[in-house]
Every structure is written in structure tokens, then in C-alpha cells.
Amino acid sequence: MQSLGRVVRRLYSTKPPRPPTQRATTALPKHAAEAREASTPMAVLERRARKQPDLLPPPGSDLTPSEFSSYRRQLAKGELKTEEGRDLTEAEWLDALNEKRSRLRGIKLAGKGNQKQVEVVGQKIYLPNVIFRMVRNHTPKGKPYNPYEATFRVPQSITKTDIRSYLSAVYGVKTTYIRTANYISPLRRTRMGLRPVGRYRTYKRAVVGLVDPFYYPLDMEDMDKVARKEREAWLEEKFSLKTLTRWRRYELVRTTQAGSRGWHFTGHLRRDKILQAVARRRMITRMEIEGIKAEIAEKRAAGKPILMEKVKSYRI
């Protein structure tokens, strides 16, 4: 009886083999999926680590642990039945889920019969006055840059749906996930630190997962000497940064020093540059004086007349 009970328990605990996993058509590429897993919050990783191995997706599956749990829950409720009476596979369910995620928000089909038209729900915004500032991703020291993520600084009133719709409608960027976090800036206090007088800018950080990789340009400090010179030449050719900086300084000095007695713009603003210009002019004057002295001495030795008008024209 003991051996029979052992056999029954073994058969009861044995599970039928899983069917071969089918690849979803809308599944992420390998590197994009790895980037998504690498950017998972620590709280989510700890919650997944406490799960039993049977509740995790099998190796090679395109579903995340959260998606796999949702799929099994709907499958147990009988919500994944097709018209033929069969259950949706993981690949079919993931394709339907990604299609729902990537849909264009804010529109609906209105009309009767086959005469349905697309209508915009809510108020149309033609020129949005929101600023999406793209910054470099946070990359720990010694790890490669993640090109399947993009980090933005957006206003606090922007939601994840707004971010997804904005990137899709304006730039045609396909996103996989969006994680946001609010940055509350500290208060600015007086010198003695007694009372607050204001605060710095508060913003929302949005980490967006990308389907196609995007490589953020390198900083000038991270380039080698040849690439740095090429970048500086390209910036100067396209945007004339040095010219803009020079004219900006000139306008600043002109507006602040205008009306001062005897003031005129010399072309330099820094004290060291002014002293170098003064020393250069003094050297040129000294060289011209030495040349005039040598010319007068030669004429005197040769007995040639020295015209007073000629000497006066040499005066500086």
C-alpha cells in the first residue's frame, strides 16, 4: 500500500509537459528585453525573488513575471477563449496586449454601420507648450551605456499617457515602458538658514524604454582629441558659438557701461586680454620709434636733408 500511495502521489505531482513556446510577433528584441530587465525597480525584483519557481515564466518566454501572472490569472478565469473555443497562447495574448499598449490615445470611432469616423476625444492641442528635456541616462561606473532607454525631464503635470502619446505623435518613437519619479527640490534659505526664501526647479524624471536603440552623443570631455576638434568645428560652422559669445559679452558691456565718460569698446573684456593688447601696442610703438631713429641716423650720416614734415608724420 505504501508503494501504491507513493506512485499515486508521484503521478499527482507530475505536471504535463509545456508546449513549445511560440515567439510573439511584437516581442522586444533581445537587447531591449535585457535593458528592460536591467532597469526594473529594486522593489519589483525583491517581490519576484519571493515567488515560487512555478509562478515565474519558463526560460525563453517573452513575458515578464508580471505579465505571466496576469496571463495565468485570466486563463484560469476563462477570459481568453477565442471564437473557436480554444485558449489564447502566450504569444497571441502578448501581441494583443502590445497592440493595446501602443494604440493612439485620445481618439474613438464614432458613427453607424460602416460609416465610422475617427474623432478626437477632448480638446485638440496643436502647439503644446510643454518642454521635454532629454538628458543622459544614469550609467553606473564600469557598466556600458543602455541605448534602449531614454531619460526626460518633464513638468509634473505630464502623465505617462501624455509622454507616450507625445513621443509617438510628434517623433514617431515606439515605447515599451515608462517609469516616472518626482524630484522635489530643496528649499533655498537665507545665509543664516533661518527662513526659506524660495526653492529650485522641481521636475519629474521619466525613464522611457525604446524599441529601437538611441545612442546619446558623447560629451566633449569623453572624446579623443581628433573627435573633439571635429565636434567643435561642426558646432562653430552650424551655430557660430564663439561669435555669439563675443557679441553677448559686447552687448553686456555696452548696456552696462554706456554713458560712462570717456569709455569706448577696445575689443576685449577680460583683464588679462586687455593687458596683453596694451603690451602688444607698446611693443609695436617701440619698434616703429626705433625704425624712425635708424632712418634719421642714416640720413644724417649720408648728409641728406631731414624734412621736418617727414619727422612730424612719424609721430605717434
Take atom CD1 of Ile131 as the centre, draw a 6.0 Å sphere, and report whether it contains more than 12 heavy atoms from other residues, nucleotides or ligands. no

Answer yes or no: is there a donor N or O on one side and an acceptor on the other, between the side chain of Thr285 and the main chain of Arg281, under 3.5 Å? yes

Sub-4.5 Å side-chain heavy-atom contact between Met223 and Arg231: yes

Linking I/L/V/M/F/W/Y whenever their side-chain heavy atoms sit closer than 4.5 Å, directly or via other members, would Phe152 and Leu210 fall into one cluster? yes

Non-hydrogen atoms of Val211 and Pro29 that approach each other most closely: O-CG, 4.2 Å

Close side-chain approach of Asp224 and Arg228, heavy atoms under 4.5 Å: no

Verify the cluster assignment for Tyr171 and Val154: are they in a single hydrophobic cluster under the rule of side-chain heavy atoms below 4.5 Å apart? yes

Distance-only side-chain donor-acceptor flag, Glu149 / Tyr216, under 3.5 Å: no

I'd like to know if the side chain of Arg136 reaches the main chain of Pro217, judged simply by a donor and an acceptor atom lying under 3.5 Å from each other, with no hydrogens or angles considered. yes

Quick one: CG on Leu88 to NZ on Lys81, what's the gap to the nearest 0.5 Å? 10.0 Å

Just verifying a value: how many Å separate Lys160 NZ and Thr180 OG1, rounded to the nearest 0.5 Å? 4.5 Å

For Glu251, what residues pass the side-chain hydrogen bond (donor to acceptor under 3.5 Å, both in side chains) criterion, not counting sequence neighbours? Arg254

Could you state whether Val207 and Ile178 fall into the same hydrophobic cluster, counting links through intermediate Ile, Leu, Val, Met, Phe, Trp or Tyr residues with side-chain heavy atoms under 4.5 angstrom apart? no

Kindly determine whether Ile296 and Lys299 satisfy side-chain contact (heavy atoms from CB on, under 4.5 Å), including the steps that lead there. CA-CA 5 Å; Ile296 292 176; Lys299 290 184 177 181; 5.8 Å; no

Shortest non-hydrogen separation from Pro57 to Phe68 and the atoms involved: N-CD2, 3.7 Å

Judged by atom type as modelled, is there a donor-acceptor pair below 3.5 Å linking the side chain of Ser168 to the main-chain atoms of Gly172? no

Throw together a table of side-chain donor-acceptor distances under 3.5 angstrom for residues 140-147, partners on residues two or more places apart or in other chains.
| from | atom 1 | to | atom 2 | distance (Å) |
| --- | --- | --- | --- | --- |
| Tyr145 | OH | Asn137 | N | 3.4 |
| Tyr145 | OH | Asn137 | ND2 | 3.3 |
| Asn146 | OD1 | Tyr148 | N | 3.2 |

Which value, rounded to the nearest 0.5 Å, describes the distance between Arg280 atom CZ and Leu275 atom CG? 11.0 Å

Does either side chain, that of Ser69 or that of Lys51, offer a donor lying less than 3.5 Å from an acceptor on the other one? yes

Main chain of Glu37, side chain of Thr40: is a donor-acceptor contact present, judged purely on distance under 3.5 Å? yes

Assess the residue pair Gln74 and Trp93 against the criterion (side chain to side chain donor-acceptor pair (under 3.5 Å)); give the C-alpha distance rounded to whole Å, side-chain angles, the decisive distance to 0.1 Å, and a yes or no. CA-CA 10 Å; Gln74 296 181 17; Trp93 180 81; 3.2 Å; yes

Please determine whether the number of non-hydrogen atoms from other residues, nucleotides or ligands lying under 6.0 Å from atom CD of Glu99 exceeds 12. no

Under 4.5 Å between side-chain heavy atoms, counting indirect links through other Ile/Leu/Val/Met/Phe/Trp/Tyr residues: same cluster for Met134 and Val170 or not? yes

Quick one: does NZ or CZ of Arg201 land under 6.0 Å from the six-membered ring centre of Tyr203, within 45 degrees of the ring axis? no

Say you draw a straight line from CD of Glu290 to CD1 of Ile292; how long is it, rounded to the nearest 0.5 Å? 10.0 Å

For Arg248 and Thr245, what are the C-alpha separation, side-chain angles and deciding distance, and is it a side-chain contact (heavy atoms from CB on, under 4.5 Å)? CA-CA 5 Å; Arg248 190 180 296 114; Thr245 304; 4.0 Å; yes

At what distance, to the nearest 0.5 angstrom, does CD of Gln52 lie from CG of Leu55? 5.5 Å

Under a 3.5 Å distance rule, please check whether Glu90 uses its side chain to pair with a backbone N or O of Asp62 as donor and acceptor. no

CG on Leu97 to OH on Tyr71, rounded to 0.5 Å: 12.5 Å

With side chains defined as the heavy atoms from C-beta onward, is the minimum distance between Thr82 and Asp87 less than 4.5 Å? no

Could you tell me if the side chain of Arg205 sits less than 4.5 Å from the side chain of Asn182, heavy atoms only? no

Kindly say whether Thr243 contributes a backbone atom to a donor-acceptor pair with the side chain of Ser240 at under 3.5 angstrom? no

Given the rule in the side-chain contact (heavy atoms from CB on, under 4.5 Å) test, do Leu241 and Glu232 qualify, once you have shown the distances and angles that lead to the verdict? CA-CA 9 Å; Leu241 298 181; Glu232 291 176 353; over 6 Å; no

Enclosure of Lys229 NZ (heavy-atom neighbours >12, cutoff 6.0 Å): no

Could you tell me whether the side chain of Phe214 reaches within less than 4.5 Å of the side chain of Val173, counting heavy atoms only? no

Quick check: is Tyr177 connected to Leu28 through a chain of hydrophobic side chains (ILVMFWY, heavy atoms under 4.5 Å apart)? no

How about Leu80 and Glu92: do any of their side-chain heavy atoms sit closer than 4.5 Å? no

Shortest non-hydrogen pair, Lys204 vs Pro155, comes out as CB-O, 4.0 Å

Using side-chain heavy atoms (C-beta onward) and a distance below 4.5 Å, is Gln156 in contact with Tyr183? no

Check the pair Ser165, Asp162 against side chain to side chain donor-acceptor pair (under 3.5 Å), reporting the backbone distance first and the verdict last. CA-CA 5 Å; Ser165 301; Asp162 297 335; 5.8 Å; no

Is atom CD of Glu83 surrounded by more than 12 heavy atoms (other residues, nucleotides or ligands) closer than 6.0 Å? no

Note, Leu94 side chain near Leu63 side chain (heavy atom, < 4.5 Å): yes

Using modelled atom types and a 3.5 Å cut-off, is there a donor and acceptor pairing between side-chain atoms of Arg153 and backbone atoms of Arg133? no

